[in-house]
Student: 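Dumping the structure here so I can ask a few things about it.
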Amino acid sequence: MVIVNLIHLLTHRKLGSCDLILACLGLSRFIVMWLVSYMFFISYLAPNFSGTGSTFYYVLLFFNYLCLWFAAWLSTFYCVRIVNIQRYIFTVFKTHFDDLLPFFILVSVVISALCSNPAAESGISQTFNMSRYGSEKNSFVKIGENFATFSTLCVIVSIPPFALFCVSAGLVVLCLVRHMKKMKTQERTGFREPALDAHYRAVKMMATFFMFFFLYITAFNLYGLGKTTEDLRSCIVIFLIGAYPSLHSVLLVNGNHKLKNTCVRILQKANCYQKEVIERIRD
């Protein structure tokens, strides 16, 4: 997602809206995966190591928010490309979406930065009086007064991009339902609509994101609250936390023709190289 689009940018000096969103999403998720891997590595192999201070977790929060925002903008991209609603505001937004996308990305970065710092956490704690839940710091999230403050901050900051995602997904599903009804009506008169492959792919991507995000939030809270003391449960929860940024990205690559073809070519070359190495070893 990152390398292919970066090469395309260096070659053609520009990126389409979908490629730009995928590149930003891939980069942010790549960083999140490294941060989460480092966090679990330190947590299990060196629990007394103090290398994961509060700054580390604020950086993790920042890129986690970015992942959610970029996923929401990807859903919005599907919406403006597929949905056709005769409303002035939607028409203007659809017409100027490509021009406004860099601004939207910049706003997402600024909002994520403002909401992933000690001031935001302190504001949440004072507004909702989180001190009544206790001041014991959690072993997983070592920032702020307690995990309740941290979890509340994550939920509140995630509401705007998640709401944007839900609205976009709802419009795409509504458009798909209308097209299917129209196709059934036209079949009776001998006419048919074009194939709805784009609608189905968009709905599938949105549905898988919703599923992975729900599992991620559930697993993240279970792990943060210390509800997974057994090794097997802990491994399952860690797998679910990592599945959100990794497996959904694999599905995005599989659903994008350019990225999928590049991946296939790489695998074919790797297979040919492996066969050559095996033949040389046999000789």
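No hydrogens, no waters, no symmetry mates; every other heavy atom, side chains included, goes into these values.
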Student: Counting only heavy atoms from other residues, nucleotides and ligands, does the tally under 6.0 Å from CZ of Phe90 exceed 12?
Tutor: yes
Student: With side chains defined as the heavy atoms from C-beta onward, is the minimum distance between Arg81 and Ser17 less than 4.5 Å?
Tutor: yes
Student: Determine the minimum heavy-atom distance between Asn254 and Lys260, stating which atoms define it.
Tutor: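 Heavy-atom minimum between the residues: O-CD, 3.4 Å.
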Student: Take Leu61 and Val157 through the test side chain to side chain contact (heavy atoms under 4.5 Å, CB included) and record every step on the way to the result.
Tutor: CA-CA 10 Å; Leu61 271 182; Val157 177; over 6 Å; no
Student: Check whether the ring centres of Phe162 and Phe213 lie less than 6.0 Å apart, and answer yes or no.
Tutor: yes
Student: Anything under 30° is parallel, anything over 60° is perpendicular, the rest tilted; go ahead and classify Phe209 against Tyr244.
Tutor: tilted
Student: In the hydrophobic clustering (ILVMFWY, side-chain contacts below 4.5 Å, transitive), which residues join Phe30, or is it alone?
Tutor: Trp34
Student: Counting only heavy atoms not in Ile159 (residues, nucleotides, ligands), do more than 12 fall under 6.0 Å from its CD1?
Tutor: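 Buried by this count: over 12 neighbours within 6.0 Å.
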Student: Quick one: pull up CG in Asn261 and CG in Asn256 and give me the separation to the nearest 0.5 Å.
Tutor: 9.0 Å
Student: Report the distance from atom CG of Leu171 to atom SG of Cys166, rounding to the nearest 0.5 Å.
Tutor: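 Leu171 CG to Cys166 SG: 11.0 Å, rounded to 0.5 Å.
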Student: Would the Phe93 and Phe97 ring centres measure less than 6.0 Å apart?
Tutor: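 Centroid distance Phe93-Phe97: below 6.0 Å, so yes.
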Student: Tell me if the CD1 atom of Ile3 is crowded by more than 12 foreign heavy atoms within 6.0 Å.
Tutor: no
Student: Holding to salt bridge (Lys or Arg N to Asp or Glu O under 4.0 Å), I want the full list of residues that pass it with Lys258, two or more places apart in sequence or in another chain.
Tutor: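 Checked Lys258 against salt bridge (Lys or Arg N to Asp or Glu O under 4.0 Å); matches are Asp19.
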